[in-house]
Amino acid sequence: MRSDPAATGNKVVLAYSGGLDTSVIIRWLMNRGYRVIAVCADVGQGEDLRVVRERALACGASKVFVLDLRKEFAREYVLPALKAGAVYEGKYLLATALSRPLIAKAMAQVARAEKARTLAHGCTGKGNDQVRIEVSLRILSPGFHIIAPVREWELKSRDEEIRYAQDHHLPIAKKSESKYSIDQNLWGVSIESGPLENPWTEPPEEAFRWTKNPATAPAKGEYVTIDFLHGTPAALNGRKLPLVELIQKLNAAGSRHGVGRTDMVEDRLVGIKSREVYEAPAATILHAAHSELERLTLDRETLAFKEAVAQRYSRLIYDGLWFSPLKAALDKFVEETQVRVTGTVRIKLLKGQAICVGRKSPYSRYAEKLATYGAGDQFDQSHAAGFITLWGLPYAARRNGKGR
Ligand code: ARG
């Protein structure tokens, strides 16, 4: 009955997390005459999604889709960011930012299948996530009507939302009373609000979700080796693993040693600075290992150029421009550089640090015969003097034929 607008017009596809905001949104949309189709994307947040599904239904959703997107997230979003070396403002490994375009894509797919033309999300009006989701949706499927209830509703605080939930008998999770706003997935945890809003306040230990305190981590540390195949992590400690599993195992190992905590003030796209705390053990270890392997296998000019690309690439991710032409073009460049990024990196996890202690590759550009100060040196030092003369020639003081 595709010509009947009433059959399609009041459906809304909501990106549902199971948290307080999106649970209240279900009922709020229903009270405005919508039938809510909830989409729960599993991007490795480690939540029991059966519980999330039940909660969506109990809040009044007419349908729930639980989508396991972990593999796609790892291969199509996390991996390109890793190969590109994408780190925002030198510190943030972009876990939240990378998940948003994928969640938007899933929302659009469900909307098309369900013939819904209205989409909703639970982002606030002062964050980056609203931009990432809505810009992605506009690129993927123009013509959707988008509602952002948290941006427009009358509920002015978390306490008012909790009251709304109680008044409507919504089954909200216990942790909804947490002081912190948490977003997590395979690539890391983002923690904000509560005591963290004062940038002078040290993050309380209770703010952290995954990692052990580095101060109490084992003094012995732990070694891990990671094999890369053309820039893709392929094995951990000599054992081949699918990417999702490899990341999960590294998250566990890193967490044991307090690796991957970040405390920063960052610049949001909407013009404000915010204080953010992150935990990203696997991401920290993999970025460290991948970049060390690049140092071994890439030439100096490519490395330097790639650094500039990395910075630009991280901004594209942060700014919600994942599905943009520039991002696609930069992917082609990065992919070309990864041809030689094959080899093994050995990392020591020790009290909050991931330290590279060894690297090797069949494509290594390191030549011990040229670098050595010991016997067998093949570096012809007699070339150095001429090289220096010409290298410095443009800058050497001129005598102009005067004086002396
Ligand atoms: N500041 C980070 C970003 O913009 C994390 C956002 C966390 N989002 C959340 N819903 N708690 O990517």
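Both ligands and their constituent atoms are indexed starting at 1 by order of listing. Note that the structure is predicted; figures quoted are calculated from it, not measured. Residue numbers start at 1 and run along the sequence shown.
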Between the protein and ligand 1, are there any N or O atom pairs that come within less than 3.5 Å of each other, and if so, what are their names and distances?
unit_1, atom_1, unit_2, atom_2, d
ligand 1, 1 (N), Glu266, OE2, 2.7
ligand 1, 1 (N), Glu276, OE1, 3.1
ligand 1, 1 (N), Glu276, OE2, 3.4
ligand 1, 1 (N), Tyr278, OH, 3.2
ligand 1, 4 (O), Asn128, ND2, 2.7
ligand 1, 4 (O), Arg132, NH1, 3.2
ligand 1, 4 (O), Arg132, NH2, 3.1
ligand 1, 8 (N), Asp129, OD2, 3.2
ligand 1, 11 (N), Ser181, OG, 3.1
ligand 1, 11 (N), Glu192, OE2, 3.3
ligand 1, 12 (O), Tyr92, OH, 2.6
ligand 1, 12 (O), Arg132, NH1, 2.8
ligand 1, 12 (O), Arg132, NH2, 3.1

(Q) With a 6.0 Å cut-off on the ring centroids, do Trp28 and Tyr164 count as close? (A) no

Q) Is it true that atom CZ of Arg75 has more than 12 heavy atoms of other residues, nucleotides or ligands lying nearer than 6.0 Å? A) no

**Q.** Contact list for residues 350-375, test side chain to side chain donor-acceptor pair (under 3.5 Å), sequence neighbours left out
**A.** Glu292-Arg359

(Q) Between Arg275 and Glu266, is the salt bridge (charged side-chain N to carboxylate O under 4.0 Å, His left out) condition met? List the steps. (A) CA-CA 6 Å; Arg275 200 286 186 85; Glu266 85 189 22; over 6 Å; no

Q.
Tell me whether Lys126 is salt-bridged to Glu192, with the criterion being a basic N under 4.0 Å from an acidic carboxylate O.
A. no

Q.
Is the shortest side-chain heavy-atom distance between Arg151 and Gln130 below 4.5 Å?
A. yes

